[in-house]
Each structure stands twice: as structure tokens, then as C-alpha cells.
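Encoded as C-alpha cells, the structure appears first; notes follow it.
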Protein chains: 2
Amino acid sequence: MLSNACKYAIRAILYLAIHSDETTKIGVKKIAEELETPQPFLAKLLRQLTSNKLVSSTKGPGGGFFLDKNNKEKSIWDVICCIDGTHKFDKCFLGLSKCSDKNPCPVHSTVSPFKKKILNEFRDKTISKLVEEIEVEGTVISLKGFDLK
Amino acid sequence: MLSNACKYAIRAILYLAIHSDETTKIGVKKIAEELETPQPFLAKLLRQLTSNKLVSSTKGPGGGFFLDKNNKEKSIWDVICCIDGTHKFDKCFLGLSKCSDKNPCPVHSTVSPFKKKILNEFRDKTISKLVEEIEVEGTVISLKGFDLK
DNA sequence: CACAAAAAAGACAAAACGATCTTTTTTATT
DNA sequence: AATAAAAAAGATCGTTTTGTCTTTTTTGTG
Ligand code: FES
Ligand code: FES
């Protein structure tokens, strides 16, 4: 569904949403370690997010990445648009150029409701709202330190 | 979600399910034209499907691809397993190594139910059942000839 | 048998994606 | 001013995916 890049980006944003603010900035190195993602790759993604106003950053010693008030009002959907673009969600599951109720493919009726619902949730829920949920539900953005067998 | 290859394969199988049988075989050329897919690429995929018993074929003049009784009892899921493998459905939406209710990621609760539902439908519905539906509902596996603006 | 039609097989090319590395710019601290 | 820490920028590399091409094998037909 999403590219690796996009998954890293979303997790990084959530990490920043939880652990950073205007006065607590975090460097790529730390983020990459915590999320167990390739560091230079993540750096590039963070740049892209920063230039699209989804993440804030300051250079120099003590600098790093963080989310400000504005950034926290963005949504997962904004991140997806920024990194992957929307076409994956527009396209038909079987590769027809357009997914539409007008000329549905044979799996349209099973796939389409799902797509719409997820899309709405991703679009409507702000990062800060999502972080609230994370704190309540105890969900997880990294498996670092987990002992999976 | 699915690779291009897999989408082509599914559509090709559905095409064959509708238009072929033991006595009416169809060549790659025709199939590729009707589905508007790259011909040599599709040929390779059909070979793969054939060697996995999802499609039947005969060589020589008058030969071609077709679905026999057995082939029509397979499911979309079988095609996906054959071409893409299952890992895309096992993996977490945000890229955590395992998607599980045990250590859910922040979007697990919105994504997971749908994944399960779709997976079941793909697994349980045979190709022949699906073709029945296609005939009733008038869904479409190619946009060839459609005038989309 | 000779021929032609078709799939089977596999080598090869191009593009997208994933990831790394090096250099430059900015800036806080000494 | 010098230094060092950090992001910004961009060049580069490897792999996977996608797609093409050529050759071989099989087989029905005249
Ligand atoms: S038309 Fe294929 S998923 Fe909607
Ligand atoms: S754990 Fe992420 S989708 Fe299930």
C-alpha cells in the first residue's frame, strides 16, 4: 500500500509528536535509532517533510526536528500526499486507470468501502488527536526492544 | 497494494474465466490486447500461472490459454500467493515487522478489520463464483473502448 | 515430412525504489 | 574568531520491478 518511505515518514512524525516540542528538538540520529530505520534515508524524508511544513527544524548545535502547534494539526493523509502522492488511493485495486462506482471492477464492491473509510479516517484525524489515542490505547510505533519470537 | 504483475494476472485469469474453456483457447496476443497490458510481460505471467496450475495451456497451432474445471475452483487469493506472495497482507500498515493485535500500531485498529474482511473474501470466493457475480453486476476488467475523460 | 502457430524459456534493458555518502550551510558555544 | 553540531543538498549506488527481445520447444495441418 504505502511505500517504505511513507511508512518511515509517518512513524517519524508520530515519534516527534510524542517526544518533541518547540523546546525539545530531536536529531535524525536519535529518531532513526528509536524507529530502527536507515538513518540517511530518514534524513532525506525529514527534509522533504520540513520543506512541506509538516515538520519544523532548526540547524546548528542543539538543533533538530520537532513539531510545532501547526504541524500537529496536520493529518496522516497530509504525510501520505507529501511522500507518496494520492494516486495509490485513487487507482483501482486491479489496475484500471480510474476506480469509480461508474465502471467498477469485479472487486470494487469489496474493496471500495474499505478504501473510503480509511481515507476519511486518515484525512480527518489530526496528528495531535492520534497521539491522544496512542497514549490511551498504548499502541506502538516501533518494535525496538520488543522480544518477538 | 498488489504489484502490477499481480493485477495483470488477476485480470487475465478473469478474462480467461469469462471467455475460454477446454475447447476455446486464447493466445497471449489477444488477451494482452483486450486487457491493454504489455504483451511479453503478460506472457511471462501466464507461464508462471500455468506452472502453478492456475491456468491451463496447450502449445502449437490452435493452442493457447484457458481455464479448466479445476482452474475455475481457485481463488483470487491463490493468484496473489502465486505472483506476489502473502507477505504484503501479513505486514503492518506502518511497516512494523508483524501486524498483530498483540502489539498494534496506531492505525492497526482502523486498518486491520478491513484487511481481514478482504482477505477472507479473496480466499473464499472461487473464480467461477466471481464470474457469476461479474455477469450479474456487469463489472468490468478492462477499460478498453471506454471513453473516459 | 515440412511448415507455421503457439507457448516455454531465458537473456537483457530501463525505470522506480531504497539506501548511502560526501559536501555545504547554518548556528550555538567557547 | 574558531569550533563543532546539526540540518540541507545532492551525487551516487544497488536492488527490485517492470518490461522487451530472441531463441527453443511443441504440435496441429497440408
Ligand atoms: S474499480 Fe477496481 S477497485 Fe474500484
Ligand atoms: S500492527 Fe500496524 S497494521 Fe496491524
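In what follows, every chain begins at residue 1, and chains take the letters A, B, ... in the order their sequences are listed.
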How many Å lie between NE2 on B:H87 and P on D:dT16, as a whole number?
11 Å
In residues 5-42 of chain B, what residues come within less than 4.0 Å of DNA chain C, judged by heavy atoms?
B:I26, B:G27, B:V28
Euclidean distance, atom CG of residue A:L46 to atom P of D:dA8 [Å, nearest integer]
8 Å
NA contact type, B:S3, heavy-atom cut-off 4.0 Å: base, sugar-phosphate, or nothing?
sugar-phosphate
So, A:N71 side chain and A:D68 main chain: donor-acceptor pair closer than 3.5 Å or not?
yes
Picking from C:dA7, D:dA8, C:dA4, which would you name as closest to the side chain of B:P61?
C:dA4
Residues touching DNA chain C, which here means a heavy atom under 4.0 Å, drawn from residues 52-59 of chain B
B:S57, B:T58, B:K59
Can you see whether A:T24 engages A:D21 through a side-chain donor-acceptor pair at a distance of less than 3.5 angstrom?
yes
Taking only Lys NZ, Arg NE, NH1 and NH2, and the carboxylate oxygens of Asp or Glu, determine whether B:E33 and B:K144 approach each other closer than 4.0 Å.
no
Using a distance-only test with no angle check, is there a side-chain donor-acceptor pair under 3.5 angstrom linking A:H108 and A:D101?
yes
Do A:K44 and D:dG10 have a side chain to base donor-acceptor pair shorter than 3.5 Å?
no
Has A:D90 got a side-chain atom pairing as donor or acceptor with A:K98's backbone, closer than 3.5 angstrom?
no
Check whether any side-chain N or O of A:D84 sits under 3.5 Å from a backbone N or O of A:L2 as a donor-acceptor pair, and report yes or no.
no
In sequence, state the C-alpha distance, the side-chain angles, and the governing distance for B:I141 and B:Y15, and then conclude on side-chain contact (heavy atoms from CB on, under 4.5 Å).
CA-CA 7 Å; B:I141 59 176; B:Y15 182 83; 3.7 Å; yes
Under 3.5 Å, side chain of B:E133 to main-chain N/O of A:P106, donor-acceptor pair present?
no
Carboxylate-amine/guanidinium proximity below 4.0 Å for B:E73 and B:K69
no
Same hydrophobic cluster for A:V140 and A:I10, using side-chain heavy-atom links shorter than 4.5 Å among ILVMFWY?
no
Between B:T110 (side chain) and A:I118 (backbone), is there a donor-acceptor pair under 3.5 Å?
no
Provide, to the nearest angstrom, the distance between the CG atom belonging to A:L45 and the P atom belonging to D:dA7.
14 Å
Rounded off to whole Å, could you give me the CZ-to-C1' distance for the B:R47 and D:dT20 pair?
12 Å
For A:G60 and A:L2, find the nucleotide of DNA chain C closest to each by heavy atoms; which residue's nucleotide sits nearer the 5' end?
A:L2
Whole-Å gap separating C1' (D:dT17) and CD (B:Q48)
13 Å
Under 4.0 Å, counting only non-hydrogen atoms across every strand here, what does A:T50 touch: a base, just sugar-phosphate, or nothing?
sugar-phosphate
Whether A:N4 contacts C:dA19 is assessed here as follows: a side-chain N or O lying under 4.0 Å from the phosphate OP1 or OP2. Is that the case?
yes
Let me check the geometry of the helix from C:dC1-D:dG30 to C:dT30-D:dA1. What is the bend angle between the axes at its two ends, five pairs each, to 10°?
10°
